[in-house]
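Let me begin by presenting the structure, written as structure tokens, before commenting on it.
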Amino acid sequence: MTKKQLQSLAKQHGTPLVVIDHDIIRRNYAEFKKHLPKVQGYYAVKANPAPEIVRTLHKAGASFDVASLPEFMLVYENIKHLLPKEQQDFIWDKIIYANPTKPKETLQALDQYKPLVTYDNLNELKKIKQYAPHAGVVLRLRVPNTGSMVELSSKFGCDPGEAVDLIQAAFGMGLVVEGVSFHVGSQCTNFENFVQALNMSAAVLKEAKSRGHEIKILDIGGGFPAHYNQHVKPFSALARKINAEIDRLFPKDMQILAEPGRFLVATAATSIARIIGKAVRDGKPCYFIDDSVYHTFSGIIFDHCQYHLKAFKKGKTEICAVFGQTCDGLDTISQSEELPDLEIEDLVYSENIGAYSNASATWFNGFPPAKVVHVNQ
Ligand SMILES: *Cc1c(COP(=O)(O)O)cnc(C)c1O
């Protein structure tokens, strides 16, 4: 998107505004497929659940990772009429339910679809057996999340040492373990996490096989880093490592899937906000904008992600602070941005804000979430 296009969209739709460019989503998905050709991408819907994105990625060939019943229904309702007849009865190619903990009502509602669901402990397995006996199951392993922007390993995944017992327990109950999965942590820039996780998975699969259980699916999760800045190494370098380990560790006919969320959508959105107030504090210019950390910038809190603001105006920049519109001190977007001298009503924008941003926006303080517009759909 050029600055001109962004400005004209802001003029047309008002602010705060989030612009999602579907050309970039398609490009990101194509890059994913190009470098990981043996891996089927299941887009992790929670990164940005816009139905427009679901439809674009479905058309591009993606499948979906959902983590709640509403997400499952969102995907199902948007793709089911587009599926060939024989696939309507077999949802695994298109959807995995990858939240290891599910309320019993969700399992009851999912059972009719014969879903593929994850688990990481015995209690969950018993629940699946009781409430969704037609589900296939995937065991989630706990793997190192070292250095990832968002850590997931303290909440999810069984200890590798208990993995094979949990696989046997499932078969013992009459369920079928179809796969193992892991997640290296979101925005994983330490590629060794993937190498270690693949090696741990291979060890689990090998031991399961020695006990008579051949497992066909390997789900390498999400965590593929979005290119927020020049310090993020290229995706091709990560893919090379992953491909080499997959070739070395797993049989040729292993079905490999992944759950990229951030990687597919982060770089596809730009937010535009308007300066609604201006002050000087301790000699530093402070701007107040009509968006907030409770809205499009929620990733600052929930996603540990820092977003930078840019001005459309040119001019000598100085260090300033940018605050959100709500009446909360926590609502600080940045204590040190470099912006030119701006006036009330000027616009600012923030790039790479498509993942875990408006997805977690609230109505706090009576302010509605920013309007979203989709371009190049
Ligand atoms: C959130 C999530 C993802 C997506 O992670 P990204 O880091 O955005 O790629 C994938 N799988 C599961 C199970 C998740 O919870």
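Numbering of ligands and ligand atoms starts at 1, following listing order. The analysis underlying the following values was restricted to heavy atoms, covering all of them including side chains, and did not include hydrogens, waters or symmetry mates. Residue numbers run from 1 in the order of the sequence given.
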Exercise. Heavy-atom distance to atom 5 (O) of ligand 1: which of Gln187, His183, Met149 wins?
Worked result: His183
Problem set entry | Numbering as shown, the atoms of ligand 1 that approach Ser186 to under 4.0 Å (heavy-atom distance) | 6 (P), 7 (O), 8 (O)
Exercise. Would you find a donor on one side and an acceptor on the other, under 3.5 Å apart, between the side chain of Asn365 and the backbone of Phe367?
Worked result: no
For this session: Determine yes or no for a side-chain-to-main-chain donor-acceptor pair under 3.5 angstrom, with Tyr119 supplying the side chain and Leu166 the backbone.
Result: yes
For this session: Report the part of Arg140 (side chain from C-beta onward, or backbone N, CA, C, O) that has a heavy atom under 4.0 Å from ligand 1; answer both or neither where that applies.
Result: side chain
For this session: Look at atom NZ of Lys310 and say whether more than 12 heavy atoms of other residues, nucleotides or ligands are closer to it than 6.0 Å.
Result: no
Exercise. At under 4.0 Å between heavy atoms, which part of Val150 makes contact with ligand 1: side chain, backbone, both or neither?
Worked result: neither
Exercise. At their closest point, which heavy atom of His58 faces which heavy atom of Phe64, and how far apart are they?
Worked result: N-CZ, 3.7 Å
Exercise. N/O to N/O below 3.5 Å, does that happen between Ala98 and ligand 1?
Worked result: no
For this session: State the CD1-OG distance between Ile220 and Ser181, to the nearest 0.5 angstrom.
Result: 11.0 Å
For this session: Look at atom 13 (C) of ligand 1 and say which protein heavy atom is nearest, naming residue and atom and giving the distance to 0.1 Å.
Result: Glu259 OE1, 3.4 Å
Exercise. Can you find an N or O of Gly221 that's nearer than 3.5 Å to an N or O of ligand 1?
Worked result: no
Problem set entry | ligand 1 contact on Ala44 by region, counting heavy-atom pairs under 4.0 Å | side chain
For this session: Would you verify whether the NZ or CZ of Lys102 falls within 45 degrees of the ring axis of Tyr97 while also being under 6.0 Å from that six-membered ring's centre?
Result: no
For this session: Enumerate the atoms of ligand 1 whose separation from the nearest heavy atom of Arg262 is less than 4.0 angstrom.
Result: 6 (P), 8 (O), 9 (O)
For this session: Compute whether any side-chain donor of one residue and acceptor of the other, for Asn28 and Thr267, lie under 3.5 angstrom apart.
Result: yes
Exercise. If you count the atoms of ligand 1 from 1 in the order shown, which ones are under 4.0 Å from a heavy atom of Lys46?
Worked result: 1 (C), 2 (C), 3 (C), 14 (C), 15 (O)
Problem set entry | Region of Tyr356 engaging ligand 1 - heavy atom pairs below 4.0 Å | side chain
Exercise. With no hydrogens and no angle check, do the side chains of Asn99 and Arg140 hold a donor and an acceptor under 3.5 Å apart?
Worked result: no
For this session: Determine, using heavy atoms of Ala67 and all atoms of ligand 1, whether some pair is separated by less than 4.0 Å.
Result: no
